[in-house]
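Every chain is numbered from 1 and lettered A, B, ... according to where its sequence line falls, protein lines coming before strand lines. Small disclaimer: the values here were computed from a predicted structure and weren't measured.
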Protein chains: 2
Amino acid sequence: MASLIVPDVVPSPREDAEKIRNAVQGFGTHEKALISVIGHRNAAQRQQIRQAYQELYNEDLIKRLESELTGDLEKAVYRWMHDPVDRDAILAHAALKNLSQNYKVIIEIACAQSPDELFAVKRAYQNRYKYSLEEDVASHSSGDLRKILVALVSTHRYDGSEVNASLASSEANILHDAIKQKVFNHEDVIRILGTRSKAQLNATFNRYRDVHGASITKELVSDPADEIAAVLQTVVRCIRHPAKYFEKMVGDALKKTGTDEDDLTRVIVRHAERNLEEIKELYYKRNSVPLDKAVAKETSGDYKTFLLTLLGCAGN
Amino acid sequence: MASLIVPDVVPSPREDAEKIRNAVQGFGTHEKALISVIGHRNAAQRQQIRQAYQELYNEDLIKRLESELTGDLEKAVYRWMHDPVDRDAILAHAALKNLSQNYKVIIEIACAQSPDELFAVKRAYQNRYKYSLEEDVASHSSGDLRKILVALVSTHRYDGSEVNASLASSEANILHDAIKQKVFNHEDVIRILGTRSKAQLNATFNRYRDVHGASITKELVSDPADEIAAVLQTVVRCIRHPAKYFEKMVGDALKKTGTDEDDLTRVIVRHAERNLEEIKELYYKRNSVPLDKAVAKETSGDYKTFLLTLLGCAGN
């Protein structure tokens, strides 16, 4: 469930655009007034506001907001104001700068949403950057990381629920043998994780746990020395239980000294209209603290207000 | 230009279905009557006939034709009667049985048509077989062939006409170095051929020829001992000039002792509604014999009649 709160009666895009204009014009910006509008509109409504703003003031709203805001708030608002597939294309493009650090962003986009959603992001990426995501990921990475990431962004997985039990069994064994021998870059491991449907992979992961007595996620984390093991673990977690993966990510981001605002912003902005309620519930189960309280503690100012608004805590 | 001849006034799908019913019912099949209908209808019209036939006789037309016809004619009609994307899915699936022999079919589907056409075939494949083309190609091949084929069927290439000249130059050098050192399976070779847009690749191939004094196609054929060189050459030819590639393929098929009916049927059936006229022109330029005359010489019976009909030679 989404955490975003949209009022029952939404003002017209023109009224919203005018309100935003008042917030950004003149000396200083009234961030709270801005957030009170955009923090309560869904993706389609935000696009309509952007269009109305362009028509009224002959100016691109996102560019204006970029020039008015700074720091974490600017980044968060910039990402929020884009259409979800464009946002993912932008996130993927930004991650290219340092893929060995940012590979998680690519894996999230490739594995934690449906094949059709990934394809829409790939189309948006091509429209925006005039290159394919595949070629850009390939030319910004190397070695095993490249093999895995290119496979993940390229494949259009089958999205059906059919499962082949004997295949799950044989491929669980292939994965287990490779992990046991620490050959994490085995071409069959990349083939299986890179091409099989999510339903099939989940059956394979279940089979792995049932036969080999430990979950594949645990066995992959047991080798922190191997970077590729960590990459594969991210893939498995994004396929197995995306909400749990994001809950853990947001928790880790908050725990870091100084907080990892990039991860925090990304998870909240990307999921406010999707399943942030589920992520909040999982967070509470694990930490016995509501996610909004933890976010409020680790952030400040208008950035905090904006995140809490997206978390569905308007009266923060 | 297509070679298929569709009459100016086309009978209703119902009339066509009735005519086909008369041709297949009772003792023996009147192949010529059948061909006179289906050999002059485009893909949309054939689907309407199939639907009308189903409604009239509560029977799948393609299944009926399969049971009535035999040999090369049955195969050709079966392929012709399917919608083009379904047909490619069927061809790809059939090619899996022996990919080291049939890899050309996969490369043709992946490289000789547009990225969107490939994507449509991938969707049709998933609907039909409940697996992705990617995973089936991956699990039916191994080694270098797998690396190349999986990359080709996976990527959704950028389809724009923009070309980066300095990239073309640097990647032409990468390709040349790898080919010179006979490292045909170099991961950068697969990355470049597997992910770059066709416009970019053609600029790279041009640059290769200009700087290194020989075309990449020729340099790849100079090593007949290496199977992967031949695979890469097929990729380059399908990207560089698909019509020329298919003209050569149909010429080779006709020259073989006994004729390669699989290749011959595939090229004619797949291109009758696309650019078979261009392929015919290229064939005539190279051989000084019209393609239909060559086909007539090497084939016989109703199979010959059907191919000549698709070639636009109705009065054969």
Visitor: Name the region of A:R157, side chain, backbone, both or neither, that has any atom closer than 4.5 Å to a heavy atom of chain B.
Guide: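 The answer is the backbone of A:R157.
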
Visitor: For A:N127, is it the side chain, the backbone, both, or neither that has a heavy atom closer than 4.5 Å to a heavy atom of chain B?
Guide: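 Neither part.
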
Visitor: If you count heavy-atom pairs under 4.5 Å between each of A:R191, A:K122, A:E135 and chain B, which one has the most?
Guide: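 Ranked by heavy-atom pairs under 4.5 Å with chain B, first place is A:E135.
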
Visitor: Between A:K130 and chain B, with a heavy-atom cut-off of 4.5 Å, which part of the residue counts as in contact: side chain, backbone, both or neither?
Guide: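 Both backbone and side chain of A:K130 come within 4.5 Å of chain B.
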
Visitor: For A:L167, is it the side chain, the backbone, both, or neither that has a heavy atom closer than 4.5 Å to a heavy atom of chain B?
Guide: side chain

Visitor: Which pair of non-hydrogen atoms, one from B:E134 and one from A:H156, has the smallest distance, and what is that distance?
Guide: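 Looks like OE2-N, 2.8 Å.
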
Visitor: Where does A:E162 contact chain B at under 4.5 Å (heavy atoms): side chain, backbone, both or neither?
Guide: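 Contact with chain B: side chain only.
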
Visitor: Apply side-chain contact (heavy atoms from CB on, under 4.5 Å) to B:I190 and A:K147, showing your working.
Guide: CA-CA 11 Å; B:I190 297 173; A:K147 276 183 208 154; over 6 Å; no

Visitor: Measure A:F119 against the heavy atoms of chain B and call it side chain, backbone, both or neither at under 4.5 Å.
Guide: side chain

Visitor: Tell me, yes or no, whether the heavy-atom count around B:N98 atom CG, taken from other residues, nucleotides or ligands under 6.0 Å, exceeds 12.
Guide: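 Yes - once you tally the heavy atoms of other residues, nucleotides and ligands closer than 6.0 Å, there are more than 12.
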
Visitor: I need the minimum non-hydrogen distance between A:Q126 and B:D159, along with the two atoms involved.
Guide: OE1-N, 4.0 Å

Visitor: Compare every heavy atom of A:T155 with every heavy atom of B:S154, then report the nearest pair and how far apart it is.
Guide: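 Closest heavy-atom pair between B:S154 and A:T155: CB-N, 4.1 Å.
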
Visitor: Quick one: pull up CD in B:E171 and OG in A:S139 and give me the separation to the nearest 0.5 Å.
Guide: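 Separation between the atoms: 7.5 Å.
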
Visitor: Looking only at non-hydrogen atoms, find the nearest pair between B:A138 and A:T195 and report the distance.
Guide: CB-CG2, 4.3 Å

Visitor: Could you check whether atom CZ of A:R207 has more than 12 heavy atoms from other residues, nucleotides or ligands sitting under 6.0 Å from it?
Guide: no

Visitor: Between B:L133, B:D188, B:I192, which residue shows the highest count of heavy-atom pairs closer than 4.5 Å to chain A?
Guide: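 Ranked by contacts with chain A, first place is B:D188.
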
